[in-house]
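Beneath this line is the structure, given in structure tokens, with notes to follow.
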Amino acid sequence: MKPIKHVIAAVALGAGLAGFTGMPAVAADLDQLKEQGFARIAIANEPPWTMVTTGGEVSGAAPDLARAVLNKMGIKEIVASVSEYGAMIPGVQARRFDMVAAGLFIKPERCEAVLFSQPDLCDAESFMIKAGNPLNLKSFADVASSGAKIGVVGGGTEEKLAIEAGVDRANIVVVPDPQSGAKLLQDGRIDVYALPVLSISDLLKKAEDPSLAMFAPVENTPIFCAGVAFRKQDGALRDAYDVALAEMKASGEFAAIIEPYGYSADAAMQQTRENLCGGAN
């Protein structure tokens, strides 16, 4: 795993994209990106999708893969900024960065706002719960009917799923980053914490707390696949990215990058952007 060399440290989790104020606009096409020698990407800090060390080094399946694809396209470096999920699409639309490489799930409503690459990372939904699942929470509908408090990352898929299932807004606790949700559950301030399986698995591994457990997959939720997001105006750049990504899927380079993180290359290659977008992208 090769860490990305440049991270804009001023843009911290929960701080959105304010650190970009006054920065030059991003490049508009592949030739400009090649000429400047780097691409700006938005990431999260949600292992194993993305990881940021205290020293500012970035790795994780999404940025590692994006770095490799862009390198194949002739773009040698990446400048990464950490953002909340809810700020990523507005940020790329406002040209604060060139793309989002953060495990952003491909969904029809998002496909209306941005262009996605073909799928790269797939996962299912899970709950972090107290050991033994004392409230017997197996679905977002169970959370709604029980009156349990649920933690979700702001702007993430889980917040939308909770609202759609009828969870009272007063019982939805929005956290700034994945690690905060685990702490809230440990402290008894929420009853359940929702994130993809790989994210919860990583948090449980790091917590080493036998009082915490995972329920997965959450009932009545689909398998989600992520992709890299681009501005609607950057179709040529997205298409060039897709070509390089397809070459890596065919050669085995794709699997070599994502499978050590626990992702299935076959799952991603069995999905298509067209199916996930429902014709919107």
Side-chain angles (χ1 to χ4, degrees), residues 1-9 11 13 17 20 23 26-83 85 88 91-92 96-106 114-123 198-199 202 225-231 234 236-265 268-269:
M1 295 180 288
K2 297 180 180 179
I4 295 169
K5 293 183 179 179
H6 303 291
V7 181
I8 299 176
V11 186
L13 282 170
L17 297 165
F20 277 99
M23 296 187 69
V26 297
D29 58 35
L30 180 57
D31 288 339
Q32 287 178 298
L33 290 175
K34 288 180 179 179
E35 183 177 351
Q36 74 180 20
F38 63 89
R40 302 183 195 273
I41 68 169
I43 61 169
N45 187 14
E46 184 182 337
W49 304 83
T50 56
M51 294 182 253
V52 184
T53 70
T54 54
E57 292 183 340
V58 176
S59 62
D64 279 2
L65 178 61
R67 185 178 193 275
V69 174
L70 291 169
N71 191 270
K72 186 178 286 289
M73 294 165 62
I75 303 164
K76 301 305 181 184
E77 297 290 345
I78 294 176
V79 175
S81 64
V82 179
S83 170
Y85 281 101
M88 290 177 181
V92 77
R96 295 190 179 105
F97 34 77
D98 301 289
M99 60 197 73
V100 176
L104 191 67
F105 290 144
I106 303 171
V114 293
L115 296 177
F116 276 100
S117 70
Q118 288 294 344
D120 51 22
L121 305 172
C122 298
D123 201 0
L198 288 166
S199 300
D202 183 80
C225 290
V228 172
F230 301 82
R231 290 192 318 139
D234 292 341
L237 179 61
R238 190 279 305 272
D239 292 346
Y241 189 96
D242 272 349
V243 170
L245 177 62
E247 291 174 358
M248 292 178 63
K249 286 180 177 179
S251 70
E253 295 172 87
F254 174 70
I257 292 171
I258 71 166
E259 290 191 342
Y261 285 107
Y263 296 91
S264 166
M269 291 190 285

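- Here the CD1-CH2 distance, from Ile43 to Trp49, works out to 14.5 Å after rounding to the nearest 0.5 Å.
- Here the closest non-hydrogen pair linking Cys122 and Ala268 is SG-CA, 3.6 Å.
- The shortest heavy-atom contact between Pro47 and Asp202 is CB-OD2, 3.1 Å.
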| task | Determine, step by step, whether Met248 and Ile257 satisfy the side-chain contact (heavy atoms from CB on, under 4.5 Å) criterion, reporting the C-alpha distance in whole Å, the side-chain angles of both residues, the deciding distance to 0.1 Å, and the verdict. | result | CA-CA 10 Å; Met248 292 178 63; Ile257 292 171; 3.6 Å; yes

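- Around the CD atom of Glu35, the shell of radius 6.0 Å holds no more than 12 heavy atoms that belong to other residues, nucleotides or ligands.
- A 4.5 Å side-chain heavy-atom check between Phe116 and Cys225 finds every atom pair outside the cut-off.
- Between Ile78 and Ala66, the closest heavy-atom pair is CD1-C, 4.0 Å.
- Closest of all the heavy-atom pairs between Ser59 and Pro63 is O-CG, 3.1 Å.
- The structure places OG of Ser83 at 12.0 Å from CG of Asn45, a figure rounded to the nearest 0.5 Å.
- The two residues Asp123 and Ser199 have their closest heavy-atom pair at OD2-N, 4.4 Å.
- With values rounded to the nearest 0.5 angstrom, Leu70 atom CG is found 12.5 Å from Phe38 atom CZ.
- Nearest heavy-atom pair across Ala42 and Met88 is CB-CG, 4.4 Å.
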| query | Is there a side-chain contact (heavy atoms from CB on, under 4.5 Å) between Leu198 and Tyr263 once you walk through the steps? | reply | CA-CA 8 Å; Leu198 288 166; Tyr263 296 91; 3.0 Å; yes

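- Results of the side chain to side chain contact (heavy atoms under 4.5 Å, CB included) test with Tyr241 over Lys72, Gln118, Met73 single out Met73 as the only residue that passes.
- Residues Leu65 and Ile258 have side chains in contact (heavy-atom distance under 4.5 Å, counting atoms from C-beta outward).
- A donor-acceptor distance shorter than 3.5 angstrom exists from the side chain of Thr50 to the backbone of Ala44, with no hydrogens or angles considered.
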| message | The test is side-chain contact (heavy atoms from CB on, under 4.5 Å); show your working for Phe97 and Val79 and say whether it passes. | response | CA-CA 9 Å; Phe97 34 77; Val79 175; over 6 Å; no

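- Atoms CG and CG, on Leu121 and Leu104 in that order, are 11.0 Å from each other to the nearest 0.5 Å.
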| field | Worked verdict on Asp64 versus Tyr261 for side-chain contact (heavy atoms from CB on, under 4.5 Å) | value | CA-CA 11 Å; Asp64 279 2; Tyr261 285 107; 2.6 Å; yes

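- When side chains are defined from C-beta on, Met99 does not count as touching Asp234, because their heavy atoms never get closer than 4.5 Å.
- Side-chain contact check for Val58 versus Arg67: every heavy-atom pair is 4.5 Å or farther apart.
- Here the CG atom belonging to Asp98 is positioned 4.5 Å from the CG atom belonging to Leu33, to the nearest 0.5 angstrom.
- Annotation: the span from Leu115 atom CG to Arg231 atom CZ amounts to 10.0 Å, rounded to 0.5 Å.
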